[in-house]
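Just so we're on the same page: letters track the sequence lines, and every chain starts at 1. As the structure is a computational prediction, the values presented were derived from the model and not from experiment.
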Amino acid sequence: MPEVVIQTENLTKRFGDFTAVDEITFEVFKGEIFGFLGANGAGKTTAMRMLTGLSNPTSGKATVAGFDVYKQPENIKKNIGYMSQKFSLYEDLTVMENLQFFGGIYGLSDNQIKQNSEALIQELSLQNQAKKLVADLPLGWKQKLAFSVAIFHNPKIVFLDEPTGGVDPSARRQVWDLIYAAADKGITVFVTTHYMDEAEYCNRISIMVDGKIAALDAPGNLKKQFSTHSMDDVFYQLARGATRNE
Amino acid sequence: MVTANDLVKTYGKKNEVLAVDHVSFSVKEAEIFGLIGPDGAGKTSIFRMLTTLLLPDSGSASVQGFDVVKDYKAIRNTVGYMPGRFSLYQDLTVEENLDFFATVFETTVAENYDLIKDIYVQLEPFKKRRAGKLSGGMKQKLALCCALIHKPTVLFLDEPTTGVDPVSRKEFWEMLKRLQSQGITILVSTPYMDEADLCDRIALIQNGKILSIDTPENISAAYPDKLFAVKANKMSTLLKELAQFKNASATYSFGEYAHVATDSKQFEAGNAPVEFEKELEDYLADHGLENIEIKEIKASVEDCFIKFLK
């Protein structure tokens, strides 16, 4: 049995009389790339906020990296990485300064930061950019760097919220190469995307509709289940049935 | 309808950032014309010059025969513009925003209601809600209504579908098709390559330069290499092994398949595509892959973009 790193049971979040996340139950395994899909307003962001220890659930259970979301949110934060399209790095710090800053935040020693930074700069061939402001890097580079920073402290799980939005098709694939490499190292990847070709790169995906998990399986199995050849069509068949008017 | 002639735009104290690099194109009446490219390609700068919000460094452009510099007032009355960032009044309600924009253009919501009816009916249940409290999809619909309320002849939509899920994106494009059928010319920018096929003609753009302008079909047809889609039991191994395959000019992931491009010259010399497929299959089998599936395919716009980026 593979090790379970995220486990939820009837996890629910209500805002007043609105149920944003409605009794979701699922497991994510170690080293898995887990795609978390759904239409805008389906409840993905709210669910992710609960799993990252930023928002308390209304009811239900969840553990992330072995820690309880109600009682141990601070332990969760120490054991995960996070990256989104909107927030990733400080634009007015250099590449090196960002690495030092985030390494420090995650409590790495100066020595570790130095070693990890050198390895990372080497790996991404950023030797000539290390002293440049992040603002001056092309978007594709920023996203690759942001991902590397999100796993800089070698977390158990990394949460990626639309990591490739607006990135060119070539850089988008390079970000995914990094994601594969991280998963090979045993880091669990929890990722949201609106690109259906990227859903294919996940080991398993879940699709949320109206706060519930409407489907969860490997992409190939979902296509079989919905008798279609494209993930786009699976998504369309499910999300079209949404009744929630955002 | 809309023409851009050698447009150049730079930013920075010493004009060191070349955002738009000698761009020329023309858009026909009632056409949906797409600017397709990643963030930072120069799409927004081009739109802002055409909508008279930004002065070009050099070059010229016109909209409906009006010059973007001299006749800026006339252009502002004829075009609708939906910027990439939500720019309506957050603390006015849906209804108030719409009334406001109608009044600014000296018209009324009632006068042009026909044009926005299809879209507005979806917003109507929320008409007393403040714009700032709307969901992303609803904001987008309201912004489109406000851009249409003075019955523009040309509509500029800057990344209207960025961050929007596939179902809402599809609905949005259906709305655009309906507007087109009413004679409105639409310029739309997007980072999603799959939306290219929904445009009549597209310009692929990167680093301020246009890489190619044509119909999506012609751009795909002009793809110079032969392209194959490959599948096997383990994607990550497949990609690694393909990267080492000598007779490939490019290999990359593409949804559930990997794409393999190879120089088409070898086939003119008599080598048949089936022989290439056999060679590739043997190579992959030798490297431990199973359930190998290979088929020749036509290039999509995304394949073309990747080729241009090389």
Can you tell me which portion of Lys43(B) sits under 4.5 Å from chain A's heavy atoms? Options are side chain, backbone, both or neither. neither
Does atom CD (Glu124(B)) have a neighbourhood of more than 12 heavy atoms from anything else shown, all under 6.0 Å? yes
Counting only heavy atoms closer than 4.5 Å, note whether Tyr236(A) contacts chain B via side chain, backbone, both or neither. both
Side-chain donor/acceptor of Asp197(A) to backbone N/O of Phe254(B), under 3.5 Å: no
OH on Tyr252(B) to CD on Gln174(A), rounded to 0.5 Å: 13.5 Å
Side chain to side chain contact (heavy atoms under 4.5 Å, CB included) for Glu256(B) and Lys223(A)? Distances and angles first, verdict last. CA-CA 11 Å; Glu256(B) 63 177 317; Lys223(A) 282 185 283 184; 2.9 Å; yes
Contacting moiety of Gln206(B), where chain A heavy atoms sit under 4.5 Å: side chain
Go through the atoms of Pro169(A) and report whether side chain, backbone, both or neither lie under 4.5 Å from a heavy atom of chain B. both
Determine the option with the most heavy-atom pairs under 4.5 angstrom with chain A, choosing from Val164(B), Leu309(B), Asp194(B), Thr162(B). Val164(B)
Honestly, the part of Glu198(A) sitting under 4.5 Å from a heavy atom of chain B is neither
Does any non-hydrogen side-chain atom of Trp176(A) lie less than 4.5 Å from one of Ser253(B)? no
Specify the closest pair of heavy atoms between Val167(B) and Ala239(A), including all atoms of both residues, with the distance to one decimal. CG2-CB, 3.5 Å
Arg169(B) to His194(A) - nearest heavy-atom pair and separation: NH2-O, 3.8 Å
Give the minimum heavy-atom separation between Gly38(A) and Asp165(B), together with the two atoms involved. O-CB, 4.2 Å
What part of Tyr257(B) is in contact with chain A, defined as an atom under 4.5 angstrom from a non-hydrogen atom: side chain, backbone, both or neither? neither
Would you check if Arg172(A) and Met193(B) make a side-chain contact, meaning some heavy-atom pair closer than 4.5 Å? no
Within a strict 4.5 Å, meaning less than it, do heavy atoms of the Leu139(A) and Pro38(B) side chains meet? no
More than 12 foreign heavy atoms under 6.0 Å from NZ of Lys209(B): is that the case here? no
Output for pair (Asn40(A) CG, Lys139(B) NZ), nearest 0.5 Å, gives 11.5 Å
Would one find more than 12 heavy atoms of other residues, nucleotides or ligands at under 6.0 Å from atom CZ of Arg130(B)? no
For the NZ atom on Lys117(B), are there more than 12 heavy atoms of other groups (residues, nucleotides or ligands in this structure) within a distance under 6.0 Å? no
Among Ser236(B), Gly37(B), Pro191(B), Gly255(B), which has the most heavy-atom pairs under 4.5 Å with chain A? Gly255(B)
In Å, rounded to the nearest 0.5 Å, how long is the span from NZ of Lys240(B) to CG of Asp177(A)? 9.5 Å
